[in-house]
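Report on one structure; see the data block that follows.
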Amino acid sequence: MKEKDESAAPRAPRAKAARGTNAAAAPISKDLVFRIFRDNPGKVFSYRQLSRRLGVTTKEQREDVFEHLKSLKKTGLLTLLQNDDYRLTDAAAAQAVTEPAGGRKTRRNEREPFAGMNRGGGRPVETEFGQDPVVHRRREAGFDFPNADDPTTPRRGRHEQSGGETITGTVALATDKYAFVISEESEQDVRVFTDRLKFAMHGDTVRLRLRGSRDGRPVGDVVEVVNRVRPELVGRLHMQGGIGFVKPDNRKVYFDVFVPYEKLNGANHGEKVLVRINEFPENDAGHLPVGEVVRSFGKAGENEAEINAIMAEFGLPFEFPAEVEEESESIPMEIPQSEIERRRDFRNITTFTIDPADAKDFDDALSIQQLENGHWEIGVHIADVTHYVRPGMALEKEARYRATSVYLVDRVIPMLPERLSNGLCSLRPHEDKLTFSAVFELDEKGKLYNSWFGKTIIHSDRRFAYEEAQERIESGEGDYAQEIVLMNDIAKKLCAARFKQGAISFETQEVKFKLDEQGKPLYVYVKERKDAHKMIEEFMLLANRKVAEFVFKLKNRKPRFTMVYRVHDAPDEERLQNFALFAQKFGHQLDLSNPKKLSSELNDLSSEVVGRPEQNVIQTLAIRTMAKATYTTDPRGHFGLAFDHYSHFTSPIRRYPDMMAHRLLEHYLEGGKNVEVEPIEEECKHSSEREKLAANAERASIKYKQVEFLQDRIGDTFTGVVSGLTEWGLYVEIEENKCEGMVRVADIPGDFFELDKDNYRLVGQRSKRIIQFGDEMQVVVKSANLLDRTIDFELVDNRPDSVKNREREERDAHRESRRGYRPERSGGGSKSGKGGRPGGESKRRR
C-alpha cells in the first residue's frame with residue numbers, strides 16, 4: 001500500500017454529479033488555494049497542478065481558481081512567474097515548514113492565512129534584480145514522466161524503482177535541469193534529473209537506483225547522498241518578510257537556500273554572501289535546504305564583493321593561517337657560508353631574469369657563458385623553494401593544500417606567503433639567491449651536448465621586462481643585447497626541432513586588462529606573444545624535459561624511480577572525428593588515417609586558419625578536442641609538446657608539483673632509494689584538481705571584468721565572429737577584446753531562425769539564410785548584467801525603419817499569440833545565455 005505523503009496540501013474531493021442530474025460541484029475557496037502555496041514555500045505551481053490537487057472538474061471551479069489566483073497576486077501574496085506559473089511571494093509561512101517535525105504549533109495564520117501578513121514587503125526584489133528572486137525553475141511535469149512534479153501522483157515504473165539496481169558514483173552537474181553520475185559500476189554516465197538528486201551538488205558521492213534508460217542513456221534516482229564535499233554556496237541574498245533566500249551564482253545549482261533571520265549574521269538584502277547549508281530536506285516536495293550566512297562580501301555588483309565572491313565560490317583562501325605567516329617571518333634572510341660552500345657558484349656568470357613588467361615573484365633566471373670549446377653554457381636557475389619550505393612545516397602543509405597560485409584579473413592568490421614568494425625565494429636583481437639549476441652545453445645550432453642538475457647560488461645582474469628584452473632582440477642594442485640575441489637564436493633552433501618531432505602549435509589568445517585604482521577596466525586587449533616570451537618558454541621546456549628524462553633513465557627497468565610527470569594524452573579518436581567534420585564545414589580537410597602524422601595535420605590546419613575569421617574558433621575547439629594535461633607518476637609523455645617524458649620543475653614558487661619534483665630530484669642526486677609511488681600519486685591528483693579549479697576561477701574573473709568593461713559601452717558597435725550556436729541564440733566574440741555575448745534567435749532581424757545541429761548552423765525559415773561558426777558579424781551591445789555575468793548583443797540592422805517597424809509588430813503579434821492560458825503544459829524555464837568558453841593551457845600550465 002502506498003504511504004501517504006504527509007507534506008502534500010489537503011485535496012478537495014472530486015465532485016461527482018449524481019446520475020441523471022446536474023449536481024453542482026463544491027466551490028473552491030481562496031483559503032484552500034492559498035494553503036497549497038503556504039504549505040509548499042518555494043515551490044512553483046501551474047494551473048494544471050493546482051487543479052489536480054483541488055479536484056477541479058467544472059467550469060465554475062476553474063473560474064473560482066483563476067479569480068483566487070488573480071486576487072492573491074493582486075494582494076502581493078503570490079507572484080506570477082510566466083504563463084500560468086505561480087509561487088508564494090511572502091515567505092513568512094516558510095518558517096513553519098522548516099521547523100523540526102513535532103515542534104510546530106497551530107498558528108493564527110494557519111486558521112486565518114491572510115491575517116497579519118505583510119502585503120507590502122518593502123521594495124520588491126524584482127525592482128532591483130529584474131528576475132525571479134527565490135525559486136529556480138524546476139523540471140516541468142511531463143519532462144520525464146507525466147505528472148512528475150506532483151508528489152501525490154504515482155510515477156510510472158515506481159515498482160521498478162524500488163527493486164532496481166543501485167550503484168555509487170560522483171555527481172557532475174550539467175545544467176540546472178539534470179546531472180550525470182559518474183560511476184565505475186556503470187559503463188555509461190547515468191543521467192539524473194535535478195528533482196531526483198536529493199539536493200546533491202557537484203562532486204558529492206551518491207548512491208543511485210537505476211530505472212531504465214532514456215534516449216539511449218541510463219537514468220536513475222539518488223537514493224542517498226553518501227558524502228557532501230562542500231555544502232557551501234555563493235549567491236545573492238534576497239530578504240522577504242524578515243527571512244532570507246540565497247540565489248546561487250552558479251547556474252548549475254538548481255535550488256535556493258532558505259536562511260532564517262537568526263542565521264543572517266548581519267547580512268543585508270542585495271549582498272553577495274557565502275552560505276553554509278546546515279540542513280538538507282529528506283525530500284524536495286516544496287522544501288528548501290536551510291543554511292546560515294558565513295560571510296558577506298558587500299553589495300552585489302561591486303568589484304570587491306564580486307571578486308571575493310568568486311574566490312569563495314571556488315573555495316580559494318582569503319588569507320594565510322597565522323602560524324604560516326609566523327613561520328615565514330621567522331626564516332632568516334642571511335645565507336650561511338656553509339650553505340654556499342655546498343653549492344655550485346654561478347655568481348660571477350652573466351645572469352638575468354625576464355618577466356612581465358608587473359611581476360614580483362621571479363622564480364626563474366638564465367645565465368650564459370662561452371666555454372673553451374666554443375660551445376655555450378646556458379643555465380636555467382630556479383628558486384630553491386624546498387630549501388626554505390621543509391616537510392612537516394606549516395608552510396609545507398599550506399602549500400600542499402593550495403597546490404597552485406591563482407591569477408585573477410586584479411590580484412594573485414599566492415601559494416606561498418609574500419615574504420617567501422616576493423622576498424626570500426624571488427630571484428631579485430643584485431642579491432645572492434639559492435637556486436636549483438639545470439645547466440646545458442649547447443652550440444649555436446641548438447644541439448645539446450651535456451646536461452647538469454644540482455643546487456646552486458646565483459646573483460642576477462639585471463631584471464628585464466619582456467618588452468625590454470624584445471627591444472634588444474629587435475634592435476640588437478642595449479645592455480646584454482648580444483647575450484639575449486644569441487639565446488633567442490638558439491631558442492628558435494630548439495623550437496624548430498620540437499615541431500619537427502611532432503609538437504602542436506595551437507595556442508589560445510590570452511585576454512589582459514588595464515585597470516584603474518578602483519579595479520575598473522579601462523580597456524581590454526589580447527596579449528601578444530613575441531620572441532622574448534617564446535625564448536623564455538623554450539628554455540623552460542628544455543629544463544622540464546631534461547629533468548624528467550634524467551630521472552626516468554636513472555633506472556633502466558621497472559619499477560622506474562618515482563617522479564612527478566606532466567602528461568598529455570593523445571586525443572580521443574571519436575572527438576577528433578567530430579572536430580574534423582567541424583573543420584570541414586569551413587573548407588579545411590584533416591587526414592586522420594595516419595596517427596603518426598596527426599600533429600603535422602593539426603599544425604597545417606593551424607597555419608591555414610591564421611588571419612581568417614574562424615581562426616580563434618578553430619584553434620579553441622582544437623584545444624578542447626585535445627586531452628587535458630595532468631600530473632601523475634605514470635611517464636606517459638606529452639602529446640602536445642611531442643616529448644616522451646616531461647615534468648614541471650621551473651615554477652616552485654607558484655606550483656606545488658614543481659616542489660615535489662625538486663625534492664625527488666635532490667633525493668636521487670644524493671643517491672637515495674626509490675620513493676613510494678602511492679603518496680606521490682595522490683598529491684598529483686590533488687594538484688590536478690586544484691589546477692582545474694584555479695583555471696575556472698580565473699575564467700570567472702575574466703568574464704566578470706569583460707561584462708564590467710562593456711557596461712559603459714551599451715549601444716556601441718563592434719565586429720565579432722560567431723563562436724557558438726544554441727537553439728535559443730548565437731554567441732558572438734568581439735575580435736578586438738574577446739568579450740563574448742549572445743544574440744537571441746528571436747531578435748535576429750529579417751527572418752525566424754532554427755538550429756541545424758548536424759551542420760553547426762542557424763537557418764532562416766523563409767530566406768534560408770545561413771549563420772554558422774566563424775561568420776563575421778556587426779553587433780551592438782544591448783546589455784551587460786554584472787549580477788549574472790552575461791552580455792547580450794543585437795545584430796546591426798541597416799534596413800529602412802519602416803521595414804524594421806513592420807517586422808517588430810509581426811514579432812510582437814507572434815509572441816502575443818503564444819501567451820495566455822495553456823492547460824496542456826505546465827510551463828518551462830526561460831533559457832539564458834552563459835558567456836565564456838574555456839581556453840587552452842597557458843605558459844604557466846604547460
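In what follows, residues are counted from 1 in the order of the sequence shown.
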| Any chance CD of Q765 has more than 12 other-residue heavy atoms, nucleotides or ligands included, within less than 6.0 Å? | yes

| Within the distance-only criterion (no hydrogens, no angle test), does the side chain of D204 pair as donor or acceptor with the backbone N or O of V229 below 3.5 angstrom? | yes

| Atom of L197, atom of V225 and distance for their closest heavy-atom approach | O-CG2, 4.2 Å

| field | Validation row: E271, R236 side chains within 4.5 angstrom (heavy atoms) | value | no

| field | Nearest-0.5 Å distance that lies between atom CD1 in I277 and atom CZ in R230 | value | 10.5 Å

| request: Kindly indicate, with the supporting measurements, whether the criterion side chain to side chain contact (heavy atoms under 4.5 Å, CB included) is fulfilled by L274 and E232. | output: CA-CA 7 Å; L274 174 65; E232 293 179 340; 4.0 Å; yes

| remark: Nearest heavy-atom contact between P571 and T625 is CB-O, 3.8 Å

| query | Have K272 and N308 got a donor and an acceptor in their side chains that come within less than 3.5 Å? | reply | no

| Is the side chain of N737 donor-acceptor paired with the backbone N or O of V524 at a distance under 3.5 Å, no angle test? | no

| query | Any side-chain heavy atom of E601 within less than 4.5 Å of one from L590? | reply | yes

| Looking only at heavy atoms, which two atoms of T630 and S688 are closest? And how far apart? | CB-OG, 3.7 Å

| query | Looking only at side chains, do T790 and N785 share a donor and an acceptor under 3.5 Å apart? | reply | no

| message | Distance check, rounded to the nearest 0.5 Å: K705 atom NZ versus L710 atom CG? | response | 13.0 Å

| Would you say F709 and Q711 make side-chain contact, with heavy atoms under 4.5 Å? | no

| query | Going from CG on L602 to CZ on F579, what distance comes out if it is rounded to the nearest 0.5 angstrom? | reply | 6.5 Å

| message | Could you measure the distance from the OG atom of S701 to the CZ atom of F513? Nearest 0.5 Å is fine. | response | 7.5 Å

| message | Are the side chains of V779 and E794 in contact, using a 4.5 Å heavy-atom criterion? | response | no

| query | Side chains of V257 and L288: does their closest heavy-atom pair fall under 4.5 Å? | reply | no

| said: Regarding N578 and R575, do their side chains bring together a donor and an acceptor under 3.5 Å, going by distance alone? | reply: no

| message | I'd like to know if the side chain of Q706 reaches the main chain of K738, judged simply by a donor and an acceptor atom lying under 3.5 Å from each other, with no hydrogens or angles considered. | response | yes

| query | Tell me, do D569 and F639 make a side-chain contact under 4.5 Å, heavy atoms counted? | reply | no

| query | Of all residues at least two apart in sequence or in a different chain, which pass the side chain to side chain donor-acceptor pair (under 3.5 Å) check with E733? | reply | N616

| Mind checking whether V780 and F793 have side chains closer than 4.5 Å, heavy atoms only? | no

| Point-to-point distance, once rounded to the nearest 0.5 Å, from CZ of R744 to CH2 of W728 | 10.0 Å

| Nearest atoms (heavy-atom pairs only) where I748 meets L730 | CD1-CD2, 3.6 Å

| query | Using 30° and 60° as the class limits, which term best fits the ring planes of Y525 and Y523: parallel, tilted or perpendicular? | reply | tilted

| Is I702 close to L408 at the side-chain level, that is, under 4.5 Å between some pair of heavy atoms? | no

| Should the heavy atoms of other residues, nucleotides or ligands under 6.0 Å from NZ of K527 be counted, would the total exceed 12? | yes

| note | Here the gap from L208 atom CG to R196 atom CZ, rounded to the nearest 0.5 Å, amounts to 12.0 Å

| query | Is the backbone of Y178 close enough, under 3.5 Å, to the side chain of T194 for a donor and an acceptor to pair up by distance? | reply | no

| Test salt bridge (charged side-chain N to carboxylate O under 4.0 Å, His left out) applied to K512 - qualifying residues, sequence neighbours left out | none

| message | Between E776 and T719, is there a side-chain donor-acceptor contact under 3.5 Å, judged purely by atom types and distance? | response | no

| said: Angle between ring planes, F199 versus Y254, binned at 30° and 60°: parallel, tilted or perpendicular? | reply: parallel

